[in-house]
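Let me begin by presenting the structure, written as structure tokens, before commenting on it.
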Amino acid sequence: MTSEATSFRAHHTSRLRRSVLTVPAINERAMAKVGSLNCDAVIFDLEDSVADDRKAEARRNVLKFLQNSALGPCERIIRTNATDTPHFREDMALVLEVLPDAVLLPKVEEPVTVQDVAEVLSEQDAAEGLRIWAMIETPRGVLNAAAIASSGRTSDSRLDAFVVGLNDLRKATGIPAAPGRTYLVPYLMQVVLAARAYGLDVIDSVSNDFRDLEAFAEECAQGKAMGFDGKMLIHPAQVDAANCHYGPSETAIAEAHLVAGAFADPAHAGLNVINIDGRMIERLHAEQAARLLAKVAQIDARKEMS
Ligand SMILES: CC(C)(COP(=O)(O)OP(=O)(O)OC[C@H]1O[C@@H](n2cnc3c(N)ncnc32)[C@H](O)[C@@H]1OP(=O)(O)O)[C@@H](O)C(=O)NCCC(=O)NCCSC(=O)C[C@H](O)C(=O)O
Ligand SMILES: [Mg+2]
């Protein structure tokens, strides 16, 4: 394996991104609330939740909010309008002024979109650590997900995460919203695989019905089983459930301790395969266990801070 490939894979899931809450940048009341919520990331949306004639107001709100509010360990992300819209230039000017943790590009369909934005960011020294997230939410975006993900190689590895947008994808494909997301699962899996191939995080789509927490829990469990790192959220009521479902379970934590402990045992030094209670455990499982325990440490540290 090349060192480049190793670093791409190692990069995956180094941040906690269980709960990624979006807030319309014209809703100052909701924006004022985000600091009190236990979400891992907040997206300040300048795109679809903001009417065309209120884009300037939305930008002013984000500027004021991010200049005056600390969000602790929570990642701050600005979702711009699409790069081919008349709003994008001013959206990017805002991004370069406030320097959030990441810029989220909607409706990405081609690698060049990410590369162009990466180039703009690389011209600004102050934007050195600023990451790019891409929404995959159109048929072409899904079909090109692997190519878009691989564009991270040629864009300073700024591309950090995919976020799936099922509202747009359902609109474009005609697939209706339905429990289980049966006909959307192949598309979702394609996006997860593309993200994994290039070491990106991948965030599941929003659930619109924010009052039905039972259905939401089922969708979180499904998303986690599909390999997503977290979920995009639209309402504070969804934060705790997302943190719970996308955080490691007690069973997974106990198993990780068991596996890590077994491989740390000097009796197993030099062995790549061992027997734990009648199961074959390989060293790769120890690597997975270490990653999970690192996440547990992050979650514990987060709890101590709040
Ligand atoms: C969906 C909502 C419009 C509902 O808002 P509201 O009617 O205010 O709900 P509640 O009365 O239940 O709210 C209770 C309190 O919580 C605050 N609130 C609500 N939503 C948020 C939020 N997202 N972040 C922070 N705080 C929030 C309310 O202000 C109330 O506070 P208080 O009065 O002080 O008690 C609304 O939830 C909403 O606008 N959600 C986000 C919508 C959004 O961002 N949409 C764009 C992104 S979705 C997307 O990207 C789809 C994707 O592109 C795709 O294609 O699928
Ligand atoms: Mg969308």
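Both counts, for ligands and for their atoms, begin at 1 and track the order of listing.
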[atom]: the protein heavy-atom neighbour that sits closest, reported with distance to 0.1 Å:
atom                    : value
atom 52 (C) of ligand 1 : Glu137 OE1, 3.8 Å
atom 37 (O) of ligand 1 : Ile234 O, 3.1 Å
atom 42 (C) of ligand 1 : Pro24 CG, 3.9 Å
atom 44 (O) of ligand 1 : Thr22 OG1, 3.0 Å
atom 25 (C) of ligand 1 : Ala30 O, 3.3 Å
atom 33 (O) of ligand 1 : Arg29 NE, 2.8 Å
atom 45 (N) of ligand 1 : Ser49 CB, 3.7 Å
atom 28 (C) of ligand 1 : Lys33 CD, 4.5 Å

Return yes when at least one protein heavy atom is under 4.0 Å from [atom], and no when none is.
atom                    : value
atom 55 (O) of ligand 1 : yes
atom 9 (O) of ligand 1  : yes
atom 3 (C) of ligand 1  : no
atom 40 (N) of ligand 1 : yes

Short N/O distance, under 3.5 Å, between [X] and ligand 1?
X      : result
Val206 : no
Glu47  : no
Arg211 : no
His235 : yes
Asn167 : yes
Leu166 : yes
Asp45  : no
Arg79  : yes

Over all heavy atoms of both residues, which pair between [X] and [Y] is shortest? Give the atoms and the distance, please.
X      : Y      : value
Leu159 : Ile148 : CD2-O, 3.3 Å
Gln238 : Phe216 : O-CE2, 3.4 Å
Glu219 : Asp204 : O-OD2, 4.2 Å

Salt-bridge test for [X] and [Y]: reply yes if a basic N is under 4.0 Å from a carboxylate O, no otherwise.
X      : Y      : result
Arg18  : Asp240 : no
Asp40  : Arg17  : no
Arg15  : Asp201 : no
Asp300 : Lys295 : no
Glu90  : Lys55  : no
Arg279 : Glu255 : yes

Query raised in the report: Do any N/O/S atoms of Glu47 come under 2.8 Å of the Mg ion (ligand 2)?
Result: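 Checking Glu47: none of its N, O or S atoms is under 2.8 Å.
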Does the shortest distance from the Mg ion (ligand 2) to an N/O/S atom of Asp168 fall below 2.8 Å?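 For Asp168, the answer is yes, given that an N, O or S atom comes within less than 2.8 Å of the Mg ion (ligand 2).
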Tell me whether [X] at atom [atom1] has more than 12 heavy atoms from other residues, nucleotides or ligands lying less than 6.0 Å away.
X      : atom1 : result
Glu57  : CD    : yes
Glu250 : CD    : no
Gln67  : CD    : yes

Notebook entry, point to check: Any chance the rings of Phe65 and Phe44 have centres within less than 6.0 Å?
Noted result: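 Ring centres of Phe44 and Phe65 closer than 6.0 Å.
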Quiz item: When you look for heavy atoms under 4.0 Å from ligand 1, do you find them on the side chain of Leu233, its backbone, both, or neither?
Solution: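 It is neither; nothing of Leu233 touches ligand 1.
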Under 4.0 angstrom from ligand 1, any heavy atom of Met232?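 Heavy atoms of Met232 do come under 4.0 Å of ligand 1.
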With heavy-atom distances below 4.0 Å as the criterion, list the atoms of ligand 1 near [X].
X      : answer
Leu21  : 23 (N), 24 (N)
Phe210 : 1 (C), 4 (C), 12 (O)
Asp168 : 53 (O), 54 (C), 55 (O), 56 (O)

| query | With no hydrogens and no angle check, is any side-chain donor or acceptor of Arg140 less than 3.5 Å from a backbone partner on Lys107? | reply |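 Judged by distance alone, no pair lies under 3.5 Å.
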**OP:** Just give me the atom name: the N, O or S atom of Glu137 closest to the Mg ion (ligand 2).
**Re:**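 Going through the N, O and S atoms of Glu137 one by one, OE1 ends up nearest to the Mg ion (ligand 2).
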| said: Determine whether Arg131 and Asp101 satisfy the following criterion, salt bridge (Lys or Arg N to Asp or Glu O under 4.0 Å), listing intermediate values before the conclusion. | reply: CA-CA 6 Å; Arg131 323 295 301 171; Asp101 296 295; over 6 Å; no
Check: Yes or no on side chain to side chain donor-acceptor pair (under 3.5 Å) for Asp45 and Thr22, after CA distance, side-chain angles and deciding distance?
Finding: CA-CA 7 Å; Asp45 185 32; Thr22 169; 4.8 Å; no
